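Numbering of residues begins at 1 and proceeds along the displayed sequence. Note that the structure is a prediction, hence the values are computed from the model and not measured. Values reported hereafter were calculated over all heavy atoms of this structure, with side chains retained and with hydrogens, waters and symmetry mates removed.
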Amino acid sequence: MKTIKNFALLVLMLFSTAIFAQQKTDEKPTIIFVHGIWADGSSWSNQITALQAKGYPVMSVQNQVASLGGDVEATKKAISLAKGKVILVGHSWGGIVITQAGNDPKVVGLVYIAALVPDLGESISSLSATGKPNDLGKYLVPVDGTLYLSEEGVKNAFAQDLPIVQQKFIYATQTPGAQSVFGEKSGEPAWKTKPSWYVVAKSDRSIDPDLERTMAKRANAKITEIEGSHVVMLSHPKEVLSVIEDAIKSLK
């Protein structure tokens, strides 16, 4: 009788261990979005609602764009709230932020959306200088040490493929960047040790698409090209979501 009880206990323990292991395997990663300059956390609204509907925990960092260190710290706080693995998704300036915050051990993947992907010691200014010039600079409006993007800039150099209603919304909700962030140098990049994905916005008028391709290849990222503006996550939400889901699936 004692032998039967011991055998039953052993089977129960093995069964419980198997269930626990399966639960750990099935745990969904937290997707943390990091927006760029002249945007805010709502720029990811389409992807956030779609992922939440599929049961993924999601967060969207609200960058102040006052310093690289400050935005990295804000992203690290979001990472600390995640219960398990994390995938970071960064747009534009957000690419520099996730390149630093991605060194956190919880982070298992980096997804860059029309983003800057710096190596050690590079900055917005130094990276931009290696790409073809664009008209973005003529639409910047300096105010007390920060740079706003004019309404014409949103329309012509940032979100040219969106309806006017959305363009006006972007202008109204933009987060201006401190002038100092354009020269801040990036630290050791996480993409050297973490798998990466990159969406090239083929009609980007804020970052040279060829520069996007160069940065993506250097980071050994899986590249997807979409015919869209700089805010491609708004103009082509389903295609961008597909890239994020590809990153999620590949990490299982």
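Taking NZ of Lys106 as the start and CD1 of Ile79 as the end, the distance is 8.5 Å to the nearest 0.5 Å. Taking CG of Leu140 as the start and CG of Leu136 as the end, the distance is 5.0 Å to the nearest 0.5 Å. From Trp93, atom CH2 reaches atom OG of Ser206 across 15.5 Å, with rounding to the nearest 0.5 Å. Atom CD1 of residue Ile37 and atom CG of residue Asp71 lie 8.5 Å apart, to the nearest 0.5 angstrom.
You'll find the side chain of Leu162 stays beyond 4.5 Å of the side chain of Phe169, heavy atoms only. Side-chain contact between Ile170 and Trp38: absent, with no pair of heavy atoms (C-beta onward) separated by less than 4.5 Å. Using a 4.5 Å heavy-atom threshold, the side chains of Tyr198 and Met215 count as touching. In this structure, Ile223 and Lys217 have side chains that are in contact, with non-hydrogen atoms separated by less than 4.5 Å. Side chains of Arg218 and Trp191 form a contact here, defined as non-hydrogen atoms less than 4.5 Å apart. Put simply, the side chain of Ile113 reaches to within 4.5 Å of the side chain of Val89, judged on heavy atoms. Using a 4.5 Å heavy-atom cutoff, the side chains of His35 and Gln62 are in contact. When side chains are defined from C-beta on, Glu225 counts as touching Arg213, because their heavy atoms get closer than 4.5 Å.
The closest donor-acceptor contact from the side chain of Ser128 to the backbone of Ser125 lies at 3.5 Å or more, if one exists at all.
Across every non-hydrogen atom of Leu251 and Lys85, the tightest pair is O-NZ, 4.4 Å.
Phe158 and His91 have perpendicular rings, their planes meeting at more than 60° on a 0 to 90° scale where under 30° would count as parallel.
With respect to Lys76 and Asp104, no salt bridge is recorded, no charged nitrogen being found less than 4.0 Å from a carboxylate O. Using a cut-off of 4.0 Å between Lys/Arg side-chain N and Asp/Glu carboxylate O, Glu27 and Lys83 are scored as not salt-bridged. Between Lys202 and Glu239 there is no salt bridge, since no side-chain N of the basic residue sits under 4.0 Å from a carboxylate O of the acidic one.
Sorted by first and then second residue, the pairs that involve residues 42-71 and meet ring pair (Phe, Tyr, Trp, His ring centres under 6.0 Å), not counting sequence neighbours, are Phe33-Trp44.
Residue Gln64 places its CD atom among 12 or fewer non-hydrogen atoms of other residues, nucleotides or ligands, all under 6.0 Å distant. Counting heavy-atom neighbours within 6.0 Å of Asp246 CG, excluding the residue itself, gives a total above 12. Other residues, nucleotides and ligands contribute more than 12 heavy atoms inside 6.0 Å of the NZ atom of Lys192.
Cluster membership check: Leu81 shares its hydrophobic cluster with Val97, using side-chain heavy-atom separations under 4.5 Å among Ile, Leu, Val, Met, Phe, Trp and Tyr.
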